[in-house]
Amino acid sequence: MSGYSQISFETRMDSVEFRVAERAHITVDDTLCRDCSVRGCITACPANLFVPTSDGGIVFNYEQCFECGACSLACNTEGAIDWSYPEGGHGVVFHKT
Ligand code: SF4
Ligand code: SF4
């Protein structure tokens with residue numbers, strides 16, 4: 001087996017830097033998430049950016065996104081995730097190692 005799951009979360013997050021754009025490149029429609037029982041985004045995201053709330057919603061933070069696209073593939077609800085790359089010059093800027 002290979003992939004990000006073999007790398008510790010701390011090492012994973014420490015391997016990149018982010019230039020955060022003011023505008024979110026990914027948005028999540030939390031109202032659609034409330035009817036979702038699969039919640040594939042939570043396990044798919046290597047940066048742990050999808051966090052379930054106690055009232056059935058999802059909190060999402062775009063700032064440390066790896067731009068991998070896994071959340072969009074994992075989401076089973078059309079329209080819940082609006083996905084795009086960050087504006088030019090923003091997002092993941094380089095790997096330290
Ligand atoms: S998988 Fe899609 S609909 Fe379900 S919680 Fe995640 S973003 Fe929302
Ligand atoms: S694109 Fe990848 S890193 Fe960014 S929010 Fe989706 S799963 Fe997480």
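Indexing begins at 1, ligand by ligand and atom by atom, following the structure's order. Predicted model only: the values in this text are computed from it and were never measured. Nothing fancy with the numbering, it's 1 onward along the sequence.
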Output yes if Cys33 passes the N/O/S-under-2.8 Å test against atom 8 (Fe) of ligand 1; output no otherwise.
-> yes
Can you tell me the protein heavy atom closest to atom 2 (Fe) of ligand 1 and the distance?
-> Cys75 SG, 2.3 Å
Considering only non-hydrogen protein atoms, determine which one is nearest to atom 3 (S) of ligand 1 and report residue, atom name and distance to 0.1 Å.
-> Thr77 OG1, 3.4 Å
So, the side chain of Tyr62 versus the backbone of Ala21: is there a donor-acceptor pair under 3.5 Å, distance only?
-> yes
Search all heavy atoms of Thr77 against all heavy atoms of Cys36 and return the closest pair with its distance.
-> OG1-CB, 4.3 Å
Measure the shortest side-chain to side-chain distance between Ile58 and Ile42 over non-hydrogen atoms and say whether it is less than 4.5 angstrom.
-> yes
Atoms in ligand 1 flagged as close to Gly40, the criterion being non-hydrogen separation under 4.0 Å = 1 (S)
Val38 near ligand 1 by a heavy-atom separation under 4.0 Å = no
Fit a plane to each ring of His25 and Trp83, take the angle between them on a 0 to 90° scale, and name the class: parallel (under 30°), tilted (30 to 60°) or perpendicular (over 60°).
-> perpendicular
Determine, stepwise, if the pair Arg34 / Asp55 fulfils side-chain contact (heavy atoms from CB on, under 4.5 Å).
-> CA-CA 9 Å; Arg34 287 171 190 278; Asp55 63 351; 3.7 Å; yes
Which atoms from ligand 1 have a heavy atom of Ile58 less than 4.0 Å away?
-> 5 (S)
Who's the nearest protein heavy-atom neighbour of atom 4 (Fe) of ligand 1, and how far?
-> Cys36 SG, 2.3 Å
Quick one: does Asp30's side chain get under 4.5 Å of Phe60's, heavy atoms only?
-> no
Tyr85 atom OH: more than 12 heavy-atom contacts under 6.0 Å = no
First locate atom OG of Ser72, then atom CG of Asp82, and finally report the distance between them rounded to the nearest 0.5 Å.
-> 9.0 Å
Atom CD1 of Ile7 and atom OG of Ser15: how far apart are they, to the nearest 0.5 Å?
-> 7.0 Å
With side chains defined as the heavy atoms from C-beta onward, is the minimum distance between Phe18 and Glu67 less than 4.5 Å?
-> no
Measure the distance from atom 6 (Fe) of ligand 1 to every protein heavy atom, then report the residue, atom name and distance (to 0.1 Å) of the closest one.
-> Cys41 SG, 2.3 Å
Protein residue, atom and distance nearest to atom 5 (S) of ligand 2, heavy-atom basis = Phe60 CE1, 3.6 Å
For Gln6, does its backbone N or O pair with a side-chain atom of Arg12 as donor and acceptor, under 3.5 Å?
-> no
Answer with side chain, backbone, both or neither: which part of Ile42 has a heavy atom less than 4.0 angstrom from an atom of ligand 1?
-> neither
Which ligand 1 atoms, with their elements, are less than 4.0 angstrom from a heavy-atom of Ile81?
-> 7 (S)
To the nearest 0.5 Å, tell me how far Cys45 SG sits from Gln64 CD.
-> 10.0 Å
Provide the number and element of each atom of ligand 2 under 4.0 Å from a heavy atom of Phe50.
-> 5 (S)
Which protein N, O or S atoms lie under 2.8 Å from atom 4 (Fe) of ligand 2?
-> Cys65 SG
